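Below: one structure, written as structure tokens.
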Amino acid sequence: MIRWGLCCLFRKAPIKFRRTTAKYLSTLSHVKRMDYLSEICMYNAKSLFDALRFCRGNGIYAFRINSQILPLKTHPQIGYGIESLPRATEILDLFKKCGAYCRRHNLRTSFHPDQFILLSSPDTDVTSRSIAELQYQAEVARWVNADVVNIHAGGAYGDKAKTLERLARRIRRLPLTVRQRLTLENDDRIYTPRDLLIVCEKLGIPFVYDVHHHRCLPDGQGIEETTDLALSTWNREPLFHISSPLTSWAGPNPRKHHDYIDCQDFPRYWLPLDITIDVEAKAKELAVFKLIQDLGRKTRTE
DNA sequence: AGCGGTCAAGTTGAT
DNA sequence: ATCAACTTGACCGCT
């Protein structure tokens with residue numbers, strides 16, 4: 001059975017997550033700043049519970065948690081520890097309640113730190129900030145029982161092979177809480193599945209296969225072969241990504257995501273697999289519903 | 001109440 | 001050398 005995954009937000013369901021900016025926070029006194037952050041973190045923890053309840057009620061059993069769930073947690077100037085927020089225990093308990101809910105109802109959660117999180121950079125300031133961010137996301141992952149913190153390999157820095165070696169070294173040295181959850185995903189500009197599968201196999205890190213990125217940046221290996229190789233890197237339920245191009249595959253920028261998934265883009269080979277598939281589409285939960293429906297209709301009429 | 005400018009971060013590639 | 005793209009809604013502050 002496929003476990004369908006929703007990414008971070010909702011199009012129609014009235015569930016929102018709040019954020020703030022470093023600029024605004026820096027205009028507040030320390031006390032006011034901590035109060036404000038506490039309020040947002042509390043709100044987000046409650047929203048996460050709402051999100052999980054919505055997903056469970058609608059047949060969506062995987063949910064990707066936004067990196068900003070605790071906004072600006074590792075910002076170099078205004079970063080903070082959860083324990084220094086007012087009502088920290090209440091916030092923590094809410095997150096742990098989300099974790100218990102996931103365990104009880106077989107929901108899977110994951111994190112996907114964004115493009116600035118780079119373990120492969122030659123700049124050690126960049127990597128140490130990235131490691132701090134990964135530690136924060138892994139910490140929240142522990143509270144909510146998330147088993148994936150998924151990143152890309154980063155830039156080429158003029159030499160992909162050297163960069164991948166540097167990446168492997170940094171991954172080996174990560175704290176266990178991070179490394180146990182870390183996964184690598186192919187991107188649409190630089191690192192293909194073929195590049196990353198080698199690293200993943202070598203390090204025992206699972207590979208998140210994004211077939212849309214693979215189509216944007218092919219490597220001569222087919223979808224079926226890549227799927228099999230990706231599956232073999234997982235010591236738990238595999239996680240894959242699907243999306244469709246905004247305009248068309250022939251258009252100027254097929255990398256941009258569409259509101260929905262064109263079920264022609266969905267690899268038939270994936271249909272019988274026991275995997276999680278995150279649906280990366282701008283119509284969010286509506287896109288998940290539509291894809292499930294379209295695939296059902298299609299397979300019935302064939 | 002509504003709208004517009006703005007938002008932590010790095011890297012690449014177009015100009 | 002500079003700057004948009006990547007991705008992206010939600011925030012604050014001003015009208």
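Given the structure is predicted, the values throughout are model-derived calculations rather than measurements. The sequence lines fix the lettering, A, B, ..., with proteins before strands; numbering per chain opens at 1.
Whole-Å rounding puts the Asp259(A) CG to dG9(C) C1' distance at 14 Å. The CZ atom of Phe116(A) sits 13 Å away from the C1' atom of dT12(B) (whole-angstrom rounding). Look at CZ on Arg19(A): it is 12 Å from C1' on dA8(B), rounded to the nearest Å. Between Leu167(A) atom CG and dG10(B) atom P the separation is 18 Å, expressed in whole Å. The interatomic distance linking Leu72(A) (CG) with dA8(B) (C1') rounds to 7 Å, in whole Å. If you measure from atom NE2 of His152(A) to atom P of dT7(C), you get 9 Å, rounded to the nearest angstrom. For Asp188(A) and dT11(B), the CG to C1' distance is 13 Å, given to the nearest whole Å.
Look at dA9(B): it lacks any Watson-Crick or wobble partner with both distances under 3.5 angstrom. dT7(C) makes up no base pair with any nucleotide shown, lacking Watson-Crick or G-U wobble contacts both under 3.5 Å.
For Thr21(A), whose side chain is taken as the heavy atoms from C-beta onward, the closest listed nucleotide among dA9(B), dA8(B), dT8(C) is dA8(B). Comparing dA9(B), dC7(B), dG9(C) by their nearest atom to the side chain of Leu9(A) picks out dG9(C). Of the listed nucleotides (dG10(B), dA8(B), dC11(C)), dA8(B) has the atom at the smallest distance from the side chain of Ala22(A). Residue Val126(A) places its side chain closer to dG10(B) than to any other of dT12(B), dG10(B), dA9(B).
Between His112(A) and His152(A), the distance from one ring center to the other falls under 6.0 angstrom.
Contact check, Ser121(A) against dT11(B): a side-chain N or O comes under 4.0 Å of OP1 or OP2. When the side-chain nitrogen and oxygen atoms of Tyr24(A) are compared with OP1 and OP2 of dC7(B), none of them lie within a distance under 4.0 Å. Not one side-chain nitrogen or oxygen of Arg189(A) sits closer than 4.0 Å to the OP1 or OP2 atom of dA5(C).
Taking the charged nitrogens against the carboxylate oxygens, Arg3(A) and Glu237(A) do have a contact shorter than 4.0 Å, which makes a salt bridge. In this structure, Arg53(A) pairs ionically with Asp50(A), as a charged nitrogen and a carboxylate oxygen lie closer than 4.0 Å.
The shortest heavy-atom contact between Ile261(A) and Glu280(A) is CD1-O, 4.2 Å.
In summary, the side chains of Thr276(A) and Arg108(A) do present a donor paired with an acceptor at a separation below 3.5 Å, with no hydrogens or angles considered.
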